[in-house]
Amino acid sequence: MSDNQEYLAKRQLKGGTAGWILLAGLGVSYVISGDFAGWNFGIAEAGWGGFAIAAILMAVMYLTLVLSLAEMSAAIPAAGGGYSFARQAMGPAGGYLTGLAVLIEYALAPAAIVIFIGSAVQELLGFNGPWVYAMFYLVFVGIHLAGVGEALKVMMVISGLAVLAIIATAVVLVANFDANNLYDVAVTDAAGASEFLPLGWYGVWAALPFAMWLFLAVEGVPLAAEEAKNPAKDVPKGIIGAMIFLLFTALMVVVLVPGVGGAAAMGASAVPLVDALKVTGNESLATIVNILGLAGLVASFFSIIYGYSRLVFALSRAGYLPRALSITTSRKVPARALIVPAIFGFIASLSGEGDLMLAMAVVGATVSYALMALSHILLRIKQPELARPYKTPGGVVTSGIALVLSLIALTGVYAFDPRAFLFTVGLFVIGAAYYFGYSSKRLVAKNAEEEFAMLAAAESDLSIAN
């Protein structure tokens with residue numbers, strides 16, 4: 001076995017673990033906490049009509065992005081997801097910058113979510129603080145260390161409970177819906193303001209980051225490609241299936257919750273589904289949904305930990321990050337890629353500024369979306385002969401729409417919180433300096449194709465040895 005093959009043989013994930021249904025569950029799990037809270041603050045920025053426009057724009061962005069990712073994930077089934085696609089399309093620097101953008105999103109989102117979990121625990125049990133954050137990190141990183149099959153099954157159960165809560169809420173709310181409640185936000189003197197757009201067109205712009213919260217992180221499904229049973233078929237079906245389901249849940253909460261609880265009240269609510277149910281008098285169901293809302297937060301926390309570990313694993317295996325982070329255990333779990341980012345995430349959670357970290361995560365996300373959409377366009381132009389088991393409907397027009405909308409969404413974060421925008425730019429500068437000053441000279445392979453060929457050879461040697 002060559003040195004390169006021996007290197008990669010120590011960095012193997014467990015293939016054949018996840019079918020498309022588990023992958024679709026992973027996609028839903030990434031996002032589901034966003035249906036319980038966070039999105040509704042966009043109503044405070046834009047009124048219901050303005051937020052509805054923002055939500056439609058972001059739904060189109062995510063749908064076109066997902067269709068583009070489905071093609072690339074079938075053609076390039078690697079654990080790095082968007083980083084792997086960008087590396088093949090734009091070379092090592094483009095791949096790294098895309099991976100860095102996703103890493104910023106996936107590293108900061110769990111830190112923010114665990115702060116929200118702490119608030120939910122405070123509401124339910126009366127205590128909160130660093131010990132709560134540490135406990136959740138320890139328990140759920142520990143479950144991931146047990147193995148990917150076990151982790152994904154636990155995740156499916158947790159996210160299933162959260163989905164059940166959303167559906168039960170919708171059934172109760174639909175009988176109490178009143179369209180007049182959607183338009184109870186006072187009309188301002190902003191440009192373009194009306195009853196439908198009470199805060200004008202600027203409000204629509206500022207609401208874009210909150211609309212993203214309904215779908216944020218679904219793009220992480222391809223990170224499981226190397227552990228899928230049949231990546232070329234399972235990953236496209238999984239990510240598209242997850243997106244269709246999330247469009248359905250987003251429609252339910254965006255229309256029914258303010259349609260019962262009132263747009264003005266829901267725009268300021270920390271627990272909009274719970275408060276809308278209380279308006280109907282269903283106190284018991286409201287309590288249950290409050291508890292299951294915690295399950296939704298846990299589902300997203302749990303699955304995004306999975307996502308960042310696979311991304312760190314892939315970046316480390318390629319030499320972009322310290323190579324020690326990609327060594328896998330006897331269970332083929334990237335333990336160090338799970339533990340080290342968790343330590344950084346826990347430290348970040350001690351700031352208590354969940355909203356800031358979420359806004360920064362959105363900046364990282366939108367930059368990565370633009371680069372992934374661009375990768376789809378470049379691969380279509382530069383590598384038309386690439387085997388594509390699934391092809392994006394609409395081709396580069398579809399990915400072009402995703403590219404334009406992601407750039408617009410990026411500016412929306414600046415409209416809402418310039419501080420988050422500038423802090424994230426600072427992280428990009430630090431990450432870029434690390435790459436161009438250090439890791440670019442220590443990559444494992446010259447290009448993505450060479451790395452994949454080395455990986456295939458290592459897998460072949462390992463199977464022969466066994």
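Predicted, not measured: the structure shown is a model, and the values here were computed from it.
- Side chain of N40 to main chain of P272: no donor-acceptor pair is present (N/O by atom type, distance under 3.5 Å, no hydrogens or angles).
- Listed for the S316 side chain is no donor-acceptor partner under 3.5 Å among the backbone atoms of F313.
- Residues A420 and M360 approach most closely at O-CG, 3.6 Å, considering heavy atoms.
- Side-chain contact check for F421 versus L410: some heavy-atom pair is nearer than 4.5 Å.
- Atom NZ of K382 is surrounded by more than 12 heavy atoms from other residues, nucleotides or ligands within 6.0 Å.
- At least one donor-acceptor pair under 3.5 Å links the side chain of S440 to the backbone N or O of Y435.
- With sequence neighbours excluded, the residues satisfying salt bridge (charged side-chain N to carboxylate O under 4.0 Å, His left out) with R388 are E71.
- A donor-acceptor pair under 3.5 Å is formed between the side chain of W213 and the backbone N or O of A37.
- In this structure, L216 and V31 have side chains that are not in contact, with every pair of non-hydrogen atoms separated by 4.5 Å or more.
- Of the possible polar contacts, none joining the S29 side chain to the G25 backbone as a donor-acceptor pair under 3.5 Å is found.
- For the pair Y390 and V235, the minimum side-chain heavy-atom distance is 4.5 Å or more.
- Residues V367 and F428 form a side-chain contact, since some pair of their non-hydrogen atoms from C-beta on lies under 4.5 Å apart.
- Proximity of a side-chain donor or acceptor of W48 to a complementary backbone N or O of V255 within less than 3.5 Å is not detected.
- Residue L103 holds its CG atom at 8.0 Å from OH of Y96, rounded to the nearest 0.5 Å.
- Of the residues listed (L161, V163, T169, L297), the one engaging L292 in a side-chain contact (heavy atoms from CB on, under 4.5 Å) is L161, and it is the only one.
- Note that R87 lies outside the cation-pi zone of F85, set by a 6.0 Å cut-off to the ring centre and a 45° limit from the axis.
- Residues L223 and Y106 are in side-chain contact: their nearest non-hydrogen atoms beyond the backbone lie under 4.5 Å apart.
- In this structure, the ring of Y369 has its center less than 6.0 angstrom from the ring center of Y62.
- Using modelled atom types, no side-chain atom of S159 and backbone atom of A299 make a donor-acceptor pair closer than 3.5 Å.
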Task: Test side chain to side chain contact (heavy atoms under 4.5 Å, CB included) applied to V257 and L173, step by step - done: CA-CA 7 Å; V257 170; L173 295 185; 3.9 Å; yes

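- At a cut-off of 3.5 Å, with distance as the only test, a side-chain donor of H376 or T392 sits close to an acceptor on the other residue.
- Of all non-hydrogen atoms in V413 and A359, the two that sit nearest each other are CG1-O, 3.8 Å.
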Task: Pair I53-W201, side chain to side chain contact (heavy atoms under 4.5 Å, CB included): steps then yes or no - done: CA-CA 10 Å; I53 293 172; W201 289 105; 4.0 Å; yes

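- Ring geometry, Y434 versus Y438: the interplanar angle falls from 30° to 60°, so the pair is classed tilted.
- In this structure, F140 and V298 approach most closely via the heavy-atom pair CZ-CG1, 3.3 Å.
- Residues A337 and S309 share a closest heavy-atom pair of CB-O, 3.4 Å.
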Open item on the list: Could you walk me through whether Y83 and Y320 satisfy the ring-ring contact (aromatic ring centres under 6.0 Å, His included) test, starting with their C-alpha distance in whole Å, then the side-chain angles of each, then the deciding distance to 0.1 Å, before giving a yes or no?
Closed with: CA-CA 11 Å; Y83 136 73; Y320 289 105; 5.4 Å; yes

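- Distance check: L26 CG to S303 OG gives 6.0 Å after rounding to the nearest 0.5 Å.
- For the pair A46 and A207, the tightest heavy-atom approach, listed with the atom from each and the gap, is CB-CB, 3.9 Å.
- Below 30°, between 30° and 60°, or above 60°: for Y137 and F346 the angle between ring planes is above 60°, a perpendicular geometry.
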TODO: Decide yes or no on side chain to side chain contact (heavy atoms under 4.5 Å, CB included) for T366 and L407, but give the supporting numbers first.
DONE: CA-CA 7 Å; T366 50; L407 292 173; over 6 Å; no

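- Around the CZ atom of F436, the shell of radius 6.0 Å holds more than 12 heavy atoms that belong to other residues, nucleotides or ligands.
- For the pair L405 and I401, the minimum side-chain heavy-atom distance is below 4.5 Å.
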Open item on the list: Under the criterion side chain to side chain contact (heavy atoms under 4.5 Å, CB included), I'd like the reasoning laid out for H144 against F302: C-alpha separation, chi angles, the key distance, then a yes or no.
Closed with: CA-CA 9 Å; H144 279 297; F302 186 56; 3.4 Å; yes

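- Note that the CG atom of L338 and the OG1 atom of T328 stand 11.5 Å from one another [nearest 0.5 Å].
- Contact between A373 and L403 at its shortest, heavy atoms only, is CB-N, 3.7 Å.
- At least one donor-acceptor pair closer than 3.5 Å links the side chain of T398 to the backbone N or O of P393.
- Using a 4.5 Å heavy-atom threshold, the side chains of V363 and F423 count as separate.
- A distance of 5.5 Å separates OG in S368 from CD in E219, rounded to the nearest 0.5 Å.
- From D234, atom CG reaches atom CD1 of I239 across 13.0 Å, with rounding to the nearest 0.5 Å.
- Within the 4.5 Å cutoff, the side chain of L273 has heavy atoms near those of the I166 side chain.
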